[in-house]
Amino acid sequence: MKKKCTLKMVLYELRNLNGNLMPHFFGIIFPNLMCVLLPRTVASGLPTEIRQEVTNSIVLSMAIVIPLSIMFLGYGAVYSQEVERGIPLRMRLFGYEEKSAIMAKVFAHLILLTIAFVIFAVFQMTVTKVSVPAFSSFLCLVVSLYLIGVILLVISHALANLFKRFSVVFGLEMGLYFFIIILCGMMGVKTSALPNVLQKIAAVFPMTYIANEFVDFWQGGAYQFMPFIQSFLFMGAIAGILLIFSLYKDKRAVK
């Protein structure tokens, strides 16, 4: 009898996830710490009237680091180690459906992601003093971050299944992690300051629009969403292609 995804499986995955301190540091401590340090260094020499806008921009940029750290780096680190040790295969032999085990992992990571978002929001409102957003802008940001997190998890899952070695997957994902945060303007260098080729590459990531443009409608301003939606479609398509290819490769390996 096939065993379905249960609360016990989700709790087990949460305990397993808590054994890896990397998503907790990069997904909770690091973005909050940067939101304290960067405004004091970057915005300290700026005119008073634009300091708040700079602070808002930094907070939005650091919010993107949370799904990148938890759903991409964190998931990839845990799952690639399991794949390397053959744990998914052993779970199938014991009657656990692969999709049930994956669903438990997804739920566990979403729970940690939600906890990280709540901590981040409370910390920013009380310590960093970010401007109170319009409800529609806040809702758009939250939905976008969750969608980004799910897409990144799919990509991370596919990479782990493709390479099946923790060292390779972790090295590749860590490189992509720093490439994305630099390319999308999350580390102090605006995307518009990069060479044209890199700007075009950055345009396919929805993170670029959050880090560079969301501050303009944070308190209810107008915004053109079409390029942002197109970037989601492109990134989602890449995730889907990678997942299908990894599943196809797995089936051939089993045969």
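The structure presented is a predicted model; accordingly, all values stated were derived computationally and were not measured.
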Walk me through it: do C35 and F120 pass the test side-chain contact (heavy atoms from CB on, under 4.5 Å)?
CA-CA 10 Å; C35 284; F120 184 79; 3.9 Å; yes
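- Within the 3.5 Å criterion, the main-chain N or O of A222 finds no donor-acceptor partner in the side chain of D216.
- A continuous path of Ile, Leu, Val, Met, Phe, Trp and Tyr side chains, each step under 4.5 Å between heavy atoms, connects F179 with V169, placing both in one hydrophobic cluster.
- Rounding to the nearest 0.5 Å places CZ of F170 at 15.5 Å from CZ of F163.
- More than 12 heavy atoms of other residues, nucleotides or ligands shown are found within 6.0 angstrom of CZ on F225.
- Looking only at distances, no side-chain donor or acceptor of S57 sits under 3.5 Å from a matching main-chain atom of E53.
- Side-chain atoms of F234 and Q230, non-hydrogen and from C-beta on, never get closer than 4.5 Å to each other.
- E82 contributes no side-chain N or O that, together with a main-chain N or O of I87, makes up a donor-acceptor pair within less than 3.5 Å.
- Hydrophobic clustering, with ILVMFWY side chains joined whenever heavy atoms are under 4.5 angstrom apart, keeps F26 apart from F123.
- Sparse packing is recorded around OH of Y12, with 12 or fewer heavy atoms of other residues, nucleotides or ligands lying under 6.0 Å away.
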How far apart are the C-alpha atoms of F232 and Y209, what are their side-chain angles, what is the distance that settles it, and do they pass the ring-ring contact (aromatic ring centres under 6.0 Å, His included) test?
CA-CA 11 Å; F232 265 113; Y209 301 93; 9.1 Å; no
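- H157 places no side-chain N or O within donor-acceptor distance of the main-chain N or O of L153, the cut-off being under 3.5 Å.
- A heavy-atom distance below 4.5 Å is found between the side chains of F72 and E173.
- Shown are N212, T55, V130, V215; of these, the side-chain contact (heavy atoms from CB on, under 4.5 Å) with L60 is made only by V215.
- Annotation: side chain of N32 is in contact with side chain of Q124 (closest heavy-atom distance under 4.5 Å).
- Between L183 and T208 there is no side-chain heavy-atom pair separated by less than 4.5 Å.
- In summary, the side chains of Q219 and N56 do not present any donor paired with an acceptor at a separation below 3.5 Å, with no hydrogens or angles considered.
- Side-chain atoms of S156 never come within 3.5 Å of backbone atoms of L152 as a donor-acceptor pair (strictly under, hydrogens ignored).
- Neither I241 nor V150 shares a network with the other; the hydrophobic side chains, linked directly or stepwise wherever heavy atoms of I, L, V, M, F, W or Y lie under 4.5 Å apart, form separate groups for each.
- At least one side-chain heavy atom of Y223 sits under 4.5 Å from a side-chain heavy atom of F214.
- Using a 4.5 Å heavy-atom cutoff, the side chains of W218 and L141 are in contact.
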